[in-house]
Amino acid sequence: MAPQPLNQDFFARPVAEVAPDLIGCTLVLDGVGGVVVEVERYQQDDPASHSFRGPTPRAAVMFGPPGILYVYRSHGIHWCMNLVCEAEGRGAAALIRALAPTMGLERMRERRGGVADRLLCAGPGRLAQALGVDGSMNGFPVAADLGGGQPGRLALLERAAPVPVAACPRIGISRAAELPWRFVLAGSPHLSRPVPKAA
DNA sequence: AATATGATAGTCT
DNA sequence: GACTATCATATTG
């Protein structure tokens with residue numbers, strides 16, 4: 001059985017379920033991508049979320065339908081890529097933080113300037129650069145095909161087998177920093193940062 | 001290995 | 001006017 005593409009129903013569930021379920025799935029954009037190994041979850045009643053203050057011009061996309069991309073610029077330099085979750089209007093999303101690259105390695109190396117393979121997608125900004133994601137992709141839908149057999153540009157493929165998922169605090173935030181809302185593929189060498197040792 | 005710092009721009013108070 | 005869901009480089013041990 002080849003892995004099946006995830007459809008909108010997958011993303012329409014609570015982000016608390018979607019985010020850990022994304023670990024081990026394969027994300028592909030224009031034939032370039034890899035296995036998702038690191039995800040963080042954000043939701044409206046979360047002070048660290050862009051949606052916390054409601055649908056501001058930037059965060060409005062987070063309140064759109066499930067299964068679309070929310071792309072924002074971070075620290076003036078980097079682009080970061082989220083997948084909108086839950087019903088339209090909820091303001092929840094999963095931040096894709098790292099991939100284990102498996103497809104289109106050559107394209108990624110070109111875009112990333114020839115860094116070591118394990119750093120190609122190890123972090124949200126790096127991942128966006130490797131995949132060629134930028135602000136023009138904001139609101140772009142996940143679609144395995146566009147009908148008529150036309151393959152979609154962006155797809156997520158379900159994982160073939162269960163994988164070990166670990167939860168730990170999110171990275172680079174100052175509010176609600178203690179919530180264990182970062183999910184990683186345990187032991188992956190492609191994480192943006194290792195899982196902190198349990199206190 | 002760990003920590004510090006600068007780059008750089010949009011959003012919100 | 002302050003803040004940020006980051007990364008690369010430089011410095012130290």
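Lettering follows sequence order; numbering is per chain, from 1.
- Proximity of residues 72-89 of chain A to DNA chain B (heavy atom under 4.0 angstrom from any strand atom) is restricted to H75(A), G76(A), I77(A).
- Listed by first then second residue, pairs satisfying side chain to side chain donor-acceptor pair (under 3.5 Å) with a partner in residues 122-138 of chain A read R112(A)-Q129(A), D134(A)-S136(A), not counting sequence neighbours.
- Residues forming a side-chain contact (heavy atoms from CB on, under 4.5 Å) with E17(A) (at least two apart in sequence, or on another chain): R13(A), P14(A).
- The shortest side-chain heavy-atom distance between S74(A) and C80(A) falls under the 4.5 Å cut-off.
- Hydrophobic clustering, with ILVMFWY side chains joined whenever heavy atoms are under 4.5 angstrom apart, groups L127(A) together with F183(A).
- Clustering ILVMFWY residues whenever any of their side-chain heavy atoms sit less than 4.5 angstrom apart, transitively, puts L185(A) in the very cluster that holds V39(A).
- Among the candidates D30(A), L29(A), L154(A), the single residue satisfying the side-chain contact (heavy atoms from CB on, under 4.5 Å) test with L131(A) is L29(A).
- Counting heavy atoms of neighbouring residues, nucleotides and ligands inside a 6.0 Å radius, atom CZ of R107(A) does not exceed 12 of them.
- Between chain A and DNA chain B, the heavy-atom contact criterion of under 4.0 Å yields a 5' to 3' nucleotide range of dA7(B) to dT13(B).
- Taking the six-membered ring for Trp and the full ring otherwise, the centers of H50(A) and Y72(A) sit less than 6.0 Å from each other.
- At most 12 heavy atoms of other shown residues, nucleotides or ligands fall within 6.0 angstrom of atom CZ in R193(A).
- Under the rule for a side chain to side chain donor-acceptor pair (under 3.5 Å), the partners of E86(A) that lie at least two apart in sequence or sit in another chain are R90(A).
- Under the side chain to side chain donor-acceptor pair (under 3.5 Å) criterion, the residue pairs touching residues 167-178 of chain A are D46(A)-R170(A), with sequence neighbours excluded.
- The hydrophobic cluster containing L179(A), built from Ile/Leu/Val/Met/Phe/Trp/Tyr side-chain heavy atoms closer than 4.5 Å, also comprises W181(A).
- DNA chain B lies under 4.0 Å from no heavy atom of any residue of residues 102-128 of chain A.
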> Which dot-bracket string fits DNA chain B when only Watson-Crick or G-U wobble pairs with both atom distances under 3.5 Å count, crossing pairs get [ ], and | stands for a partner on a different strand?
Replying inline: |||||||.||||.

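- The minimum heavy-atom distance linking A98(A) with H190(A) is given by the pair CB-O, 3.5 Å.
- Partners of F52(A) under the ring-ring contact (aromatic ring centres under 6.0 Å, His included) rule, at least two apart in sequence or in another chain, do not exist in this structure.
- For DNA chain C, the outermost nucleotides in 5' to 3' order that have an atom under 4.0 Å from a heavy atom of chain A are dT4(C) to dA8(C).
- A heavy-atom distance below 4.0 Å to DNA chain B is reached by these residues of residues 40-61 of chain A, ordered by number: R53(A), T56(A), P57(A), R58(A).
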